[in-house]
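Computed over heavy atoms, backbone and side chain alike; hydrogens, waters and symmetry mates excluded. Predicted model only: the values in this text are computed from it and were never measured. The sequence lines fix the lettering, A, B, ..., with proteins before strands; numbering per chain opens at 1.
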Protein chains: 2
Amino acid sequence: MQTLIDAQKKLLPDLLEIMQKRYQILHHIRLMQPIGRRVLSTNLGISERVLRSEVQFLKEQNLIDISSAGMSVTPEGSELLKNLEDMMKEVSGLKDLERKIKSLLDIKDVIVVAGDSDLSPWVKKEMGRACVACMKERLTSQSIVAVTGGTTLAAVAEMMTPELKQIDILFVPARGGLGEDVKNQANTICARMAEKAMGNYRLLHVPDQLSDEAYQSMIEEPAIKEVLDLIRSSNMVIHGIGDAITMAERRKTASEEIEKIKQRRAVAEAFGYYFNQEGEVVHKVKTMGIQLEDVKKVEHVIAVAGGASKAKAIKAYMKQAHHSVLITDEGAARELIRE
Amino acid sequence: MQTLIDAQKKLLPDLLEIMQKRYQILHHIRLMQPIGRRVLSTNLGISERVLRSEVQFLKEQNLIDISSAGMSVTPEGSELLKNLEDMMKEVSGLKDLERKIKSLLDIKDVIVVAGDSDLSPWVKKEMGRACVACMKERLTSQSIVAVTGGTTLAAVAEMMTPELKQIDILFVPARGGLGEDVKNQANTICARMAEKAMGNYRLLHVPDQLSDEAYQSMIEEPAIKEVLDLIRSSNMVIHGIGDAITMAERRKTASEEIEKIKQRRAVAEAFGYYFNQEGEVVHKVKTMGIQLEDVKKVEHVIAVAGGASKAKAIKAYMKQAHHSVLITDEGAARELIRE
DNA sequence: TCATACCGGGACATTTTATGTCCAGTGATT
DNA sequence: AATCACTGGACATAAAATGTCCCGGTATGA
């Protein structure tokens with residue numbers, strides 16, 4: 001296939017451009033459906049008129065439906081997107097990025113989606129979609145999936161779709177409260193994801209701040225203990241990666257702790273752990289649930305994080321996570337390579 | 001790969017058309033280089049102006065060179081042609097033809113090139129090129145290649161190129177004089193092919209008509225004997241297939257022999273043997289060199305013949321040559337299947 | 001050495017296609 | 001009922017493709 005694409009690049013570069021344009025349009029429609037021409041055209045940065053011509057074409061090809069509510073892709077269009085995804089990545093150089101980053105960070109697998117989530121919010125959704133596809137590839141029957149919080153994971157949850165094959169999936173939050181907004185808490189996301197996947201879920205109801213005694217007694221609670229056991233026996237973990245300072249500040253972290261984090265030069269954060277540039281743990285939020293050493297034993301670990309601003313954090317975290325799959329975006333990927 | 005192309009076709013319905021057009025242009029340029037626009041455009045049946053646009057494009061892509069002598073393909077263009085050959089065949093249905101004919105005639109391998117050598121003379125060249133490629137695939141070091149005469153074989157010789165790998169090839173004529181024009185005699189073609197291939201060759205200088213005694217004494221000649229031994233130990237035979245009557249008439253065949261050939265319903269001819277519809281030998285020209293039973297023992301036998309008019313002959317001959325590889329053209333192939 | 005035929009490429013009219021611009025009609029939502 | 005975002009028709013205009021003509025250069029053969 002590689003040779004075919006290379007040959008096409010030489011023999012019809014002009015057509016490949018058109019193809020990319022149409023693919024991108026279809027892609028965006030799927031992402032934002034139902035959507036109107038105006039919004040879409042400004043989003044894609046092309047004039048409304050040319051979008052209109054293309055849209056008409058896509059409609060004639062039965063790849064999209066057009067209604068008064070806006071445009072949306074047909075099953076056929078969806079199928080097409082799936083079939084062309086790899087090739088378009090190849091054409092646009094994303095595959096190349098993936099290969100480079102995989103060898104640069106020396107990790108299991110890398111998926112790079114187009115765009116930069118710092119600049120365009122929809123890129124997160126795209127990462128979410130990629131993550132879901134990645135999950136489905138790796139899930140076997142009777143899986144327990146542990147998820148963390150964060151806006152990126154929220155996007156993953158939003159893009160979740162029910163599994164067609166009869167697979168029982170149980171979603172659990174990876175760790176207890178880390179001090180986030182309700183919307184971005186692991187519990188919320190866990191429930192949302194399970195709902196979208198038509199799977200089951202268990203939650204971990206633990207207050208953020210706990211005295212040691214209370215902590216010990218909670219652990220002994222049968223209801224809690226059961227969930228904790230499930231978490232520890234999960235065979236897939238999906239988590240985000242954050243910039244250390246940003247995360248610490250977003251959470252209601254005590255100022256002395258923030259000081260400590262800064263002093264120890266933490267750059268990355270993931271499921272409550274803070275890492276320095278070398279990938280060493282310099283701080284951890286005290287809460288129950290999965291621990292770093294547990295994660296290393298989990299079969300599938302998928303890290304999702306994008307945006308040029310997170311490149312440094314990704315690099316640092318990945319230094320100790322060669323076992324993981326990384327899902328990121330073009331912005332972060334290019335930044336990673338540039339360094 | 002098919003799904004990829006199908007998907008591409010949905011996004012770009014005329015992709016294949018354009019690809020085929022450009023491929024065909026490049027292809028023809030290689031075949032007829034150096035060539036000018038006018039000749040090429042009439043040959044391809046497209047207007048000179050659109051050819052000009054395409055040619056300009058190909059030049060910009062560095063696929064062809066343009067000089068005052070005409071256009072010729074660059075090494076890069078040549079590489080591209082090679083890479084795309086299989087796929088273009090698939091697209092244009094030639095691969096399909098190959099498969100059908102292979103099973104229809106039940107032979108080792110079939111290569112079909114585009115066109116009909118009855119209608120366009122350059123198709124012979126194309127078969128020649130295919131034959132050369134086929135030879136190179138099968139040749140090992142230290143090969144002896146026996147070739148016959150005929151215009152088709154002359155085309156093969158013209159398209160011969162030096163072997164890059166250090167392979168010693170010795171060319172010999174398969175059989176002695178069969179009564180052809182000097183230009184199409186096995187000796188001539190043998191020498192030409194060796195020259196083009198930068199290989200060595202031996203010739204077989206025997207008069208066409210010989211009395212039995214003279215024949216016997218010639219065979220004993222050391223110089224002749226040596227060549228005959230080489231011929232019999234050859235590991236590749238390249239030959240054409242002709243229509244029986246046409247061949248008999250072209251050669252200075254005695255009228256009583258022609259009568260005999262006609263009476264016995266010969267339809268095919270190859271290296272001096274005449275075959276009826278069932279593939280049975282009904283006559284043979286008496287000359288030295290390789291015999292039919294020798295041919296059956298040769299490792300690689302390649303038959304080259306094209307043109308709708310030769311379909312019947314090909315079919316007949318192949319009935320007793322399941323061991324051979326057939327190189328033919330679209331015209332003959334379609335005719336073969338139609339029957 | 002010269003004539004000739006073929007070569008590429010410049011120039012421009014003409015046709016076809018793509019794009020810009022404006023706006024009418026429609027269905028859903030508030 | 002009013003509003004809003006959506007589609008789709010219409011038409012001018014810009015751009016690209018194609019047809020047509022011709023020129024100067026160069027290789028080839030007389």
Side-chain angles (χ1 to χ4, degrees), chain A residues 11-74 76-77 121-122, chain B residues 9-74 76-77 121-122 125 158:
Chain A
L11 202 56
L12 12 104
D14 43 351
L15 295 197
L16 280 192
E17 251 174 67
I18 299 177
M19 209 155 95
Q20 269 183 294
K21 183 170 73 178
R22 290 187 180 160
Y23 177 84
Q24 214 183 1
I25 292 172
L26 194 60
H27 193 240
H28 268 71
I29 293 177
R30 177 176 66 175
L31 211 63
M32 313 170 77
Q33 62 189 317
I35 189 180
R37 282 196 317 244
R38 277 153 250 263
V39 180
L40 185 55
S41 65
T42 54
N43 236 296
L44 285 164
I46 58 182
S47 92
E48 194 190 329
R49 192 57 179 80
V50 336
L51 176 68
R52 190 171 153 186
S53 306
E54 298 299 346
V55 152
Q56 191 178 358
F57 168 85
L58 292 176
K59 187 188 171 191
E60 276 160 14
Q61 296 292 318
N62 249 308
L63 298 171
I64 61 173
D65 271 336
I66 292 184
S67 75
S68 61
M71 305 172 283
S72 51
V73 323
T74 61
E76 203 181 335
W122 51 264
Chain B
K9 262 167 90 173
K10 276 199 195 128
L11 274 191
L12 231 34
D14 40 8
L15 172 108
L16 279 188
E17 260 175 69
I18 298 178
M19 201 153 95
Q20 274 180 302
K21 182 170 73 178
R22 289 185 184 165
Y23 177 83
Q24 217 183 1
I25 292 173
L26 196 58
H27 193 239
H28 269 69
I29 292 177
R30 178 175 66 174
L31 210 62
M32 312 170 79
Q33 61 189 319
I35 190 183
R37 283 197 318 245
R38 278 150 248 261
V39 179
L40 185 56
S41 66
T42 53
N43 235 297
L44 284 165
I46 57 182
S47 91
E48 193 191 327
R49 193 57 178 78
V50 335
L51 175 69
R52 192 169 154 184
S53 306
E54 296 298 346
V55 153
Q56 191 178 0
F57 167 84
L58 292 176
K59 187 188 169 189
E60 275 161 14
Q61 295 295 314
N62 248 308
L63 297 171
I64 61 173
D65 270 336
I66 291 184
S67 73
S68 60
M71 304 173 284
S72 52
V73 323
T74 61
E76 203 181 337
W122 51 264
K125 280 193 177 182
E158 277 321 301

Give a yes/no on whether any side-chain N or O of B:Lys59 is located under 4.0 angstrom from OP1 or OP2 of C:dG8.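 Checking B:Lys59 against C:dG8: no side-chain N or O falls below 4.0 Å of OP1 or OP2.
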
Looking at A:Ser53, I'd like to know whether one of its side-chain N or O atoms comes within less than 4.0 Å of OP1 or OP2 on C:dA18.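 Indeed not, no polar side-chain atom of A:Ser53 lies that close.
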
For atom CD of A:Glu76, decide whether the heavy atoms of other residues, nucleotides or ligands shown that lie under 6.0 angstrom number more than 12.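 Yes, because the 6.0 Å sphere around CD of A:Glu76 holds more than 12 heavy atoms from other groups.
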
With respect to the side chain of B:Met71, which nucleotide from C:dG8, D:dC11, C:dA28 is positioned closest?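 Looking only at side-chain atoms, B:Met71 lies closest to C:dG8.
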
From C:dA28, C:dC7, D:dG19, pick the nucleotide closest to the side chain of A:Ser68?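 Of C:dA28, C:dC7, D:dG19, C:dA28 is nearest to the side chain of A:Ser68.
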
Mind running side chain to side chain contact (heavy atoms under 4.5 Å, CB included) on B:Ile18 and B:Leu12 for me, showing each step along the way? CA-CA 10 Å; B:Ile18 298 178; B:Leu12 231 34; over 6 Å; no

For a quick check of understanding: with a heavy-atom distance under 4.0 Å over all strands, which category does A:Ile46 fall into, base, sugar-phosphate or nothing?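 Nothing, no nucleic acid heavy atom in range.
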
Considering only heavy atoms from C-beta outward, does the side chain of B:Ile46 approach that of B:Leu40 to under 4.5 Å?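 Not touching, per the 4.5 Å side-chain cut-off.
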
Return the 5'-most residue of the pair B:Val39, B:Arg49 with respect to DNA chain C, ranking by each residue's nearest nucleotide.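 The answer here is B:Val39.
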
In terms of the nearest nucleotide of DNA chain C, which residue is placed more toward the 5' end: A:Ala69 or A:Lys21?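 Taking each residue's closest nucleotide, the earlier one in sequence belongs to A:Lys21.
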
Gap between atoms [atom1] and [atom2], on [X] and [N] respectively (whole Å):
X	N	atom1	atom2	answer
A:Ile64	D:dC6	CD1	C1'	13 Å
A:Glu48	C:dT21	CD	P	11 Å
B:Glu54	C:dG8	CD	C1'	17 Å
B:Arg37	D:dG25	CZ	P	17 Å
B:Leu51	D:dA17	CG	P	15 Å
A:Asp65	D:dT7	CG	C1'	14 Å
B:Arg38	C:dG8	CZ	P	7 Å
B:Phe57	D:dT18	CZ	P	14 Å

Option passing side chain to side chain donor-acceptor pair (under 3.5 Å) with A:Glu54 (candidates A:Gln24, A:Lys59, A:Lys21):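 Only match with A:Glu54 under side chain to side chain donor-acceptor pair (under 3.5 Å): A:Lys21.
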
So, B:Thr42 versus B:Arg38: side-chain donor-acceptor pair below 3.5 Å or not?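 The criterion, which ignores hydrogens and geometry beyond distance, is not satisfied for B:Arg38 and B:Thr42.
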
Is a donor-acceptor pair below 3.5 Å formed from side chain B:Arg52 to base D:dG19, judging by atom type as modelled?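 Under the 3.5 Å cut-off, the side chain and the base do not form any donor-acceptor pair.
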
